[in-house]
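Here's the structure we're looking at; comments come further down.
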Protein chains: 2
Amino acid sequence: MPRSTRAARKPDRPYHHGNLRRGLLDEALATIRAEGVEGLTLREIGARLGVSRTALYRHFADKRALLAGVATEGFRTLRQQLVAAWEEGGRGRAAFESMGAAYVRFAVANPSHYRVMFGGFVNPKACEPELTAEAAGAFQALVDALAALQRDAIVRGDDTVKMARFVWAVVHGVAMLGIDGQLPEPCGVEELMRYALERLRTGIDAAERASGRRRRH
Amino acid sequence: MPRSTRAARKPDRPYHHGNLRRGLLDEALATIRAEGVEGLTLREIGARLGVSRTALYRHFADKRALLAGVATEGFRTLRQQLVAAWEEGGRGRAAFESMGAAYVRFAVANPSHYRVMFGGFVNPKACEPELTAEAAGAFQALVDALAALQRDAIVRGDDTVKMARFVWAVVHGVAMLGIDGQLPEPCGVEELMRYALERLRTGIDAAERASGRRRRH
DNA sequence: GGGATCGTGTTGACATCGTCAACATTGTGG
DNA sequence: CCACAATGTTGACGATGTCAACACGATCCC
């Protein structure tokens, strides 16, 4: 029957449908982006791909597995944007703040996708090794940047991973506030992020700290 | 029929079942706590209360409305614990840090409940005025504490709400990391929180900032 | 070249869920 | 005492995730 206007001269067309797994991930992400995570239904994305409802069970064990795949790709994209911001920004302090802005920008631009990544829809318990690996990769981008800043004595010499977790918490929190609409306007996120980066540097204490209390080792 | 061993001399027993709305909220929270948000089913909590499945539609318009109620109570509890930590801690810097610890403790002790509050299951768009009011109340506790610290010149004189948002983002981010199991051990949250409070005070910059750059107005 | 075999997609069916409409029951006010 | 509103029940419906059985298609092995 009319397999729609597909199935053409594409070289990588393994079997019946041209790379269904790819299409499933794309279509799922599109649906999530349009209608939110709750609006995702397996039957609909099957129909939208011109394929039956249970076809995806040959590529994903579960609905959660599909969501895990979407989350995995989200972490991959996020890492790419973080690394790009870091490298294009000159790998200095400005680049670091550019990373923070890129993080929040990603979250605000793709709120539903971001929620799939962090909303607890996927088991963090190593059920999906690829997911945890990709998430760790995105985090590693932040760790690497912080380590570079430490080498240049721009930031404190604390335990890098611990400091990275702190920074991650800050940007994650700002992104969450922005996504949940708990900020005045949509553009309020960027203003809050600017302020957060400032306070991230100097802290919130009243500015009377002398240069004592140095602890380099 | 055996209405179970209830319906006794309780004074506040408006109609057939003794305060069903209260029971629904409690049972829903218990189920969520035990099986997560996804495991909540209206039929099951009805059965667990010895009541039919559609009984709750007399008290909540929707499943989302029930979840909104659970979230509302979560914000109320959270605010109470925040205020308690602040007041019992002496309303000083130590009390402020105690507030942060209390926040994260609440989130880690009730991860599923916390997720209902922030997981996007409820519309932030003023659909539930009581929910937004209670959430604002919890946030206000933080604003009040920060304002007090500002009066005592313990923290910077920045815009209080903006600084409160920043602090909220930090504790929210730390809590999220802890809930998602992205931290080594369960007790890793408290260690990260301790570190986060330290860096919240002093920032992450290398400690060479002179006392210049003061900006009091 | 022709079956065996595995990968891939389809159909049918089922249990479960949220929700609505209609009905029953219970407490309250005139 | 009786209408009435508040509260709870039953039946039913559409939608959904998922499994079992089957059908098609490519590839491999002799």
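Order of the sequence lines fixes the chain letters, A, B, ..., with proteins taken first and strands second; residue numbering starts at 1 for each chain. Side chains are part of it too, since the values below use all heavy atoms of this structure and drop only hydrogens, waters and symmetry mates.
Between dT9(D), dG8(D), dT10(C), one nucleotide has an atom nearer to the side chain of Leu20(B) than all others, and that is dG8(D). Distances were taken from every side-chain heavy atom of Ser52(A) (C-beta onward) to each of dT11(C), dG8(D), dT19(C); the shortest belongs to dT11(C). For Lys63(B), counting side-chain heavy atoms from C-beta on, the closest listed nucleotide (dT10(C), dG18(C), dT9(D)) is dG18(C). Closest to the Arg43(A) side chain, of the nucleotides dT18(D), dC20(C), dG17(D), is dG17(D).
Contact annotation for Thr41(B): backbone-only contact, meaning every heavy-atom pair under 4.0 Å involves sugar-phosphate atoms and none involves a base. Nucleic acid contact for Leu40(A): sugar-phosphate only, since backbone atoms but no base atoms lie under 4.0 Å from a heavy atom of the residue. At a threshold of 4.0 angstrom between heavy atoms, the contacts of Leu56(A) with the nucleic acid are absent.
Where Ala61(A) and Arg53(B) meet DNA chain D, the nucleotide closest to each residue was compared, and Arg53(B) sits on the side nearer the 5' end. Closest-nucleotide positions on DNA chain C for Arg64(B) and Arg58(B) were compared, and the one nearer the 5' end corresponds to Arg64(B).
Ring orientation note: the planes of Trp168(A) and Phe139(A) are nearly perpendicular, at an angle over 60° on the 30°/60° scale. Taking the six-membered ring where the residue is Trp, His172(B) and Phe118(B) present tilted rings, their angle falling between 30° and 60°.
OP1 or OP2 of dT18(D) sits under 4.0 Å from a side-chain N or O of Tyr57(A). Considering only side-chain N and O atoms, His59(A) lies nowhere under 4.0 angstrom from the phosphate OP1 or OP2 of dG7(C).
In Glu130(A), the CD atom is not crowded: 12 or fewer heavy atoms of neighbouring residues, nucleotides or ligands sit closer than 6.0 Å.
Minimum interatomic distance between Met176(A) and Met176(B) (heavy atoms only, all atoms of both residues): CE-CE, 4.2 Å.
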